[in-house]
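Beneath this line is the structure, given in C-alpha cells, with notes to follow.
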Amino acid sequence: MPREYRTIEEVAGPLMTVRGVEGVAYDELGEIELANGEIRRCKVLEVNGSDVMVQLFDSAAGLNLSSSKVRFLGRSLELAVSSDMLGRVFSGMGDPIDDGPAIIADKRMDINGLPLNPSARDYPSEFIQTGVSAIDGLNTLVRGQKLPIFSGSGLPHAELAAQIARQARVLGSGANFAVVFAAIGITFEEADFFISDFRRTGAIDRTVLFINLANDPAIERINTPRMALTAAEYLAFEKDMHVLVILTDITNYAEALREVSAARKEVPGRRGYPGYLYTDLANLYERAGRVEGKSGSITMIPILSMPEDDKTHPIPDLTGYITEGQIILARELHRKGLQPPIDVLPSLSRLKDKGIGVGKTREDHANTMNQLFAAYSRGKDAKELMSILGEAALTQIDLLYAKFADEFEVKYVSQGYGANRSIEETLEIGWQLLSILPKSELKRIKEDLIEKYYPENS
C-alpha cells in the first residue's frame, strides 16, 4: 500500500513541493487526492533529501495544500500496449479519445524507454517508398533511419506528414507495416484534419494516433512522443512490424521543455532552452532503428517548424546533429505553388545510397539521382544569371538548363498531396526531364544506362 503524505509545502505553476518523503525515485508516478476525492496525477522531477519536487499533469486549480494528500505509486508512467491499438486514437497521455473501448493490455510498458544500444543495431538498408518523388528519388528514406522534415510556420508540413503516413510502405516485404503518428501541441483544426484524413483514406486501420492539443498541459506535451515511441517499440520488436513513427511538431515539444525548465529555475542555455536539450532530443531520436536478430524496425520522421525559418536555431541545429539528414521545405517554393515545396538541394538523406540500386529500387537510381541534382543546381545558377544579365547573355546550353530547372520543379517536385508515385514512375519522370538535355551533358550516368533508359530509345 503506497504511503500517503499531507506535507505539501507549495505549488508554483505546474510544480509542487512535498516535504518529509521517503523512498521515492526520479520519474516516479504520484497521485494527489483533493478534499472532494478528485484524483490528479503527477510525477517526480527532483529528489533533494526528503524534499520532493513533482510536476502536475493537470491544473493546480482548486488544490488546497492543507487538505490534499499525495501518494507515490512506486512505478513510472506506463502505456497499456496491445495490437488492438492499431486504428485507435489516443490522448497525449495514452487514454483512448475516439469513443472506443479501453485497450485490453497485453502488457504495460514504461514510456521512458532507452535509446538502442549501438552494438545491437543493424544497419539500415531497405528502401521505404513514400510515394513522394522528391524524397524517394533524391533523398531516399531507408528502413530504420531517422529523417527529419525542417519546415516553417505556415508551410504545409501537416499535409506532407499525412501524405507520407498514408502512402509509406516497404517494397518487396511481406511483413506488416504500421504507422505511429504523434501530433504534439497542435490545434483542434489540425487534429481534426489528421483524424478525418486517416479515416477517409482508410489509413487509420494501420495507424496508431496520439493527439496532444495546444491547450493541454506542458507535461503532457513532453510525454506524448514517449508514448508514441513506446507503442512503436511494442509493435516493432514484439509484433515484428515495420513501424514508421511521425512526430509533429518537435518545436512544440522543445517549447514545453523550456517552459518546465523555466518553472524549475534552471540555468538557461541557447535561446532560453535547457542545456540538456541535445541529450533529451537524442534520447527520443535514438529509440528508432533496427535491432540485430529482430525482423521489426522503427523508422522515424520528426517534423519541426524552424522559428523564423532559421536553420541555425537550436532545435533544427541539434536535430541535424543527431539524425541522418533532413528534408527542407522552402517558403519560396511554397509561394510558387509547389506541392510539396521540398527544396531538394539543401535536403539530404545520409543513408540514401544504402537503400537504392539493383534489388532495392532500380539499377539507374544512383546515376540519375546524381545527374538530376547536378542539372537542377546548374539550372538554378543559369536562372540567377538570367535575372541579372538577361536571357541574351546565356548560351544555348544554359538556356536548356534553365528550362530543365523550371520543368523539374513543376513536374518532379510538385505532385500534389494526393499523388502516390511508385519508384518506377519517379525514375521515369526523371528520365523524361533529363531528355531536355543532350546526351553529351549526362556525364554522371553510365553509357549503357543511357542507351537503355533515355526516352528516345524506349
Side-chain angles (χ1 to χ4, degrees), residues 92 130 132 134-135 139 141 145-165 179-187 190-191 193-194 210-214 218 220-229 232 244-261 269-274 276-288 298-331 333-334 340-343 346-350:
T130 65
V132 180
I135 297 175
N139 295 289
L141 178 65
Q145 184 177 4
K146 306 174 288 292
L147 186 63
I149 294 174
F150 288 4
S151 182
S153 178
L155 293 181
H157 48 268
E159 288 84 350
L160 180 58
Q163 182 179 16
I164 293 171
V179 176
V180 176
F181 194 102
I184 306 161
I186 62 170
T187 63
E190 288 173 310
F193 164 75
F194 286 127
F210 290 86
I211 303 286
N212 165 260
L213 297 171
E220 182 172 319
R221 197 126 49 251
I222 292 170
N223 286 328
T224 302
R226 291 176 168 80
M227 289 279 177
L229 284 162
L244 174 64
V245 178
I246 299 177
L247 307 175
T248 179
D249 183 333
I250 291 294
T251 299
N252 294 336
Y253 169 81
E255 295 292 349
L257 273 185
R258 180 162 68 173
E259 184 182 326
V260 172
S261 176
R270 287 168 63 192
R271 306 238 186 150
Y273 292 95
Y276 50 80
L277 179 63
Y278 178 89
T279 312
D280 197 282
L281 289 174
N283 275 331
L284 287 182
Y285 297 151
E286 295 297 346
R287 288 171 73 172
I298 298 176
T299 307
M300 186 188 290
I301 299 182
I303 299 173
L304 55 94
S305 48
M306 301 178 287
E308 299 171 359
D309 295 354
D310 179 11
K311 287 196 280 284
T312 66
H313 186 278
I315 304 168
D317 188 34
L318 297 177
T319 295
Y321 280 124
I322 303 162
T323 55
E324 294 111 12
Q326 69 277 329
I327 304 294
I328 294 180
L329 303 189
R331 203 167 292 281
L333 299 180
H334 181 54
I342 294 175
D343 193 352
S347 296
L348 169 70
S349 169
R350 294 191 180 98

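The figures here come from the full heavy-atom set of this structure, side chains too, leaving out hydrogens, waters and symmetry mates.
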### Separation of I301 CD1 from T130 OG1 (nearest 0.5 Å)
7.0 Å

### Task
Drop me the distance from L160's CG to I246's CD1, to the nearest 0.5 angstrom.
8.5 Å

### Task
For residues V245 and T299, determine if any side-chain heavy atom of one lies less than 4.5 Å from a side-chain heavy atom of the other.
no

#### Entry: Pair listing, salt bridge (charged side-chain N to carboxylate O under 4.0 Å, His left out) test, anchored in residues 145-161, at least two apart
K146-E286, K146-E324

#### Entry: Over all atoms of both residues, closest heavy-atom pair of G92 and T224
CA-OG1, 3.3 Å

Determine all donor-acceptor pairs shorter than 3.5 Å in which one atom belongs to a side chain in residues 147-158; sequence neighbours excluded.
from	atom 1	to	atom 2	distance (Å)
S151	OG	H157	ND1	2.7
H157	ND1	L155	O	3.1

### Plane angle bin for H313 and Y273 - parallel if under 30°, tilted between 30 and 60°, otherwise perpendicular
perpendicular

### Task
List the atom of L247, the atom of A228, and the distance in Å for their closest heavy-atom pair.
CD2-CB, 4.3 Å

### Query
For T323, does its backbone N or O pair with a side-chain atom of R350 as donor and acceptor, under 3.5 Å?
yes

### Task
Would you mind reporting whether I184 and T248 have side-chain heavy atoms less than 4.5 Å apart?
no

### Query
Are the side chains of Y253 and L281 in touch, meaning some heavy atoms are under 4.5 Å apart?
yes

### Message
Run the side-chain hydrogen bond (donor to acceptor under 3.5 Å, both in side chains) test on D249 and S305 for me, step by step, so that the C-alpha distance in whole Å, both residues' side-chain angles and the decisive distance to 0.1 Å come before the verdict.
### Response
CA-CA 7 Å; D249 183 333; S305 48; 2.5 Å; yes

### Query
Should I164 and L244 count as side-chain neighbours, where that means a heavy-atom distance under 4.5 Å?
yes

### Message
Is it the case that over 12 heavy atoms from other parts of the model lie below 6.0 angstrom from the OH atom of Y276?
### Response
yes

### Query
So do the side chains of F181 and F210 get within less than 4.5 Å of each other, counting heavy atoms only?
no

### Query
Any side-chain heavy-atom pair from M300 and P302 closer than 4.5 angstrom?
yes

### Task
Grab the two heavy atoms, one from A161 and one from I303, that are nearest each other, plus how far apart they are.
CB-CD1, 3.3 Å

### Query
Hey, are D343 and R331 close enough for a salt bridge, meaning a charged N less than 4.0 Å from a carboxylate O?
no

### Message
Using every non-hydrogen atom in the two residues, find where T251 and P307 come nearest and quote the distance to one decimal.
### Response
CG2-CG, 4.5 Å

### Query
Side chain of R258, backbone of R271: donor and acceptor closer than 3.5 Å?
yes

### Query
What are the two closest non-hydrogen atoms of V260 and A218, and how far apart are they?
CG2-CB, 4.4 Å

#### Entry: Exam field: side chain T319 to backbone I315, donor-acceptor pair closer than 3.5 Å
yes

### Query
Does any non-hydrogen side-chain atom of E190 lie less than 4.5 Å from one of I211?
no

#### Entry: Validation row: F193, I186 side chains within 4.5 angstrom (heavy atoms)
no

### Query
Any donor and acceptor pair, going by atom type alone, linking the side chain of N212 with main-chain N or O of G185 inside 3.5 Å?
yes

#### Entry: salt_bridge(D317, K311) N-O dist < 4.0 Å
no

### Summary
Rounded to the nearest 0.5 angstrom, the CG-CD distance for L213 and E220 is 8.0 Å

### Query
Is the side chain of E259 donor-acceptor paired with the backbone N or O of A254 at a distance under 3.5 Å, no angle test?
no

### Task
May I ask you to decide if L141's main-chain N or O and S349's side chain share a donor-acceptor pair within less than 3.5 Å?
no

### Task
Drop me the distance from E255's CD to I250's CD1, to the nearest 0.5 angstrom.
12.0 Å

### Query
Between D280 and R226, is there a side-chain N and carboxylate O pair less than 4.0 Å apart?
yes

